[in-house]
2 protein chains.
Amino acid sequence: MLDAQPGELTERQQQVLDATLELLIENAANVTMIAVARKASCSKETLYKWFGDRGGLLAAAVRYQASKVKVAPFEAEGLTRDKLASILSGFASDLLSILTSDISVALNRLAIAQAHLHAGENGNGENLGSIVLQNGRFSTGPRLKVALEAGMASSLLRQHDSEDAFRSFYGLVVRDIQIRLLLGDTIALSKTDIHAEAQRATDQFFTLYGT
Amino acid sequence: MLDAQPGELTERQQQVLDATLELLIENAANVTMIAVARKASCSKETLYKWFGDRGGLLAAAVRYQASKVKVAPFEAEGLTRDKLASILSGFASDLLSILTSDISVALNRLAIAQAHLHAGENGNGENLGSIVLQNGRFSTGPRLKVALEAGMASSLLRQHDSEDAFRSFYGLVVRDIQIRLLLGDTIALSKTDIHAEAQRATDQFFTLYGT
DNA sequence: TAAATTCTGTACCGTACGGTACGGTACATA
DNA sequence: TATGTACCGTACCGTACGGTACAGAATTTA
């Protein structure tokens with residue numbers, strides 16, 4: 001086998017996690033160890049050897065998916081209002097694209113479904129909810145806050161707690177979309193819809209926090 | 001037994017549903033038929049007789065809880081800006097109080113966890129997610145829209161699609177609070193915190209949509 | 001080519017849960 | 001007092017799943 005660094009995943013292991021994610025998207029209730037083994041054409045024993053137990057497999061799948069959606073950080077040099085607006089609007093588009101994707105809905109549902117478990121109750125010891133939060137909200141937030149603080153330093157935005165400003169922007173972008181999707185409502189957002197929503201949220205944000 | 005109207009619940013049945021909800025709050029994974037029967041001091045056979053199957057019991061519990069949080073509609077007579085602001089702020093406070101409550105988090109988690117099921121796959125035939133949506137987002141929304149439209153008619157708010165205006169207000173109020181709670185993040189919102197958040201959201205809403 | 005390692009496929013075990021059956025009890029009605 | 005009804009408690013059944021064991025194939029290493 002192609003050996004990998006500790007914490008890294010071999011090609012084959014990634015195939016297994018891809019199969020897990022596929023299964024998760026089509027029906028979360030069908031993600032059993034035997035189903036994953038069949039879909040990935042591997043044995044259950046291998047699953048347990050690689051991932052410890054079911055919780056470890058799911059955690060690995062969530063982390064693996066998160067590692068695929070890393071986006072490039074933006075540079076805050078020579079910031080103009082148009083440039084900041086473009087950064088915000090781009091961020092909003094990305095966020096909406098991700099949150100409305102099948103894979104995001106499925107992963108959030110999975111994480112929410114067992115978010116009540118205390119750490120250590122599952123094999124991996126870490127809660128899926130906190131993994132999703134760490135790689136989602138708590139990862140994108142600070143990245144955008146850099147841009148917001150640069151905007152304040154350039155007097156494009158009024159002085160304000162950047163965390164609070166980010167949260168309001170988040171609300172303006174997401175509104176009730178995510179919770180409705182999670183609850184099973186079917187909202188179709190086209191590419192142009194997402195772009196329009198991102199633009200609206202950005203305009204409203206400047207109205208509230210701009211100079 | 002105290003007979004009840006069709007669709008109504010007897011005292012004893014409400015006790016059973018209260019026990020179900022209690023169990024749900026303390027640990028959703030423990031809501032098994034035997035656990036409910038023990039907690040409510042009734043027999044499993046009675047549960048099946050009254051609610052059909054597990055899905056029916058959960059659906060009944062969700063509906064029962066929803067029936068307890070009905071709030072009074074507001075009157076839109078002689079609307080002033082202060083009065084509208086008070087309505088919006090009150091609505092926001094109520095919304096935040098509900099969404100941050102243990103019972104709401106537990107019910108939303110439950111509904112989300114199985115929102116992928118097609119109608120008819122559970123005994124009751126109706127999806128818990130849609131029940132929550134109907135009694136939550138799709139019930140409170142139209143009620144507030146009445147106030148928003150009255151505000152537009154009174155020229156307190158700019159002419160605008162009331163559905164869209166409501167959704168932005170919702171976003172300003174809730175921001176990232178609900179998704180973080182659902183994912184297991186612990187956010188403590190005191191009574192005064194909620195009041196302050198409601199006030200902020202209302203002020204921001206007037207900035208965006210006021211005249 | 002021979003030994004060793006890794007993996008697949010399947011059979012198996014224990015458990016937990018949904019759902020059913022049934023005996024026993026309390027109570028209401030006649 | 002006799003009969004019926006509603007309910008409790010529990011035993012039971014079938015199934016599905018997580019996890020383990022093992023035999024044999026495939027692949028690697030020497």
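Note that the coordinates shown come from a computational prediction; the quantities given were computed from them, not determined experimentally. Computed over heavy atoms, backbone and side chain alike; hydrogens, waters and symmetry mates excluded. Letters A, B, ... are given to chains in the order of the sequence lines, protein chains preceding strands, and every chain is numbered from 1.
Per the geometry, CG belonging to A/Asn27 stands 15 Å off C1' belonging to D/dC17, to the nearest Å. Note: CD1 (B/Ile34) to C1' (C/dT15) measures 15 Å, nearest angstrom. Across the protein-nucleic acid pair, B/Met33 atom CE and D/dA11 atom C1' stand 17 Å apart, rounded to whole Å. What separates CG of B/Leu47 from C1' of D/dG9 is a distance of 12 Å, to the nearest Å. Following rounding to the nearest Å, A/Gln13 (CD) and C/dT8 (C1') show an atom-to-atom distance of 16 Å.
Comparing A/Arg38 and B/Tyr48 against DNA chain C, the residue whose closest nucleotide sits nearer the 5' end is A/Arg38. Residue order along DNA chain D, read from the 5' end via each residue's closest nucleotide, puts B/Thr46 first among B/Thr46 and A/Ala29.
In the set C/dC17, C/dG9, D/dG18, the nucleotide with an atom closest to the side chain of B/Thr32 is C/dC17. When the nucleotides C/dT20, D/dC7, C/dT8 are ranked by their closest atom to the side chain of A/Cys42, C/dT8 comes out on top. Comparing atom distances between the A/Arg54 side chain and each of D/dG18, C/dT8, C/dC7 picks out D/dG18 as nearest.
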Does B/Thr32 form a side chain to side chain contact (heavy atoms under 4.5 Å, CB included) with B/Leu23? I'd like the steps, not just the answer. CA-CA 9 Å; B/Thr32 66; B/Leu23 221 42; over 6 Å; no
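Checking the phosphate oxygens (OP1, OP2) of D/dC7, a side-chain nitrogen or oxygen of B/Trp50 falls inside 4.0 Å. Residue A/Arg12 places none of its side-chain N or O atoms closer than 4.0 Å to OP1 or OP2 of D/dA26.
There is a side-chain donor-acceptor pair under 3.5 Å between B/Thr46 and B/Ser43.
Ring geometry, B/Tyr209 versus B/Phe205: the interplanar angle falls under 30°, so the pair is classed parallel (tilted spans 30 to 60°).
A/Lys44 contributes a side-chain N or O that forms a donor-acceptor pair with the base of D/dG19 under 3.5 Å.
Among the protein residues, A/Lys49 comes within range of the sugar-phosphate backbone only, with heavy atoms under 4.0 Å from sugar or phosphate atoms but none that close to a base.
Residue B/Asp18 is tested with B/Gln65, B/Lys68, B/Gln13 for a side-chain hydrogen bond (donor to acceptor under 3.5 Å, both in side chains); the sole match is B/Lys68.
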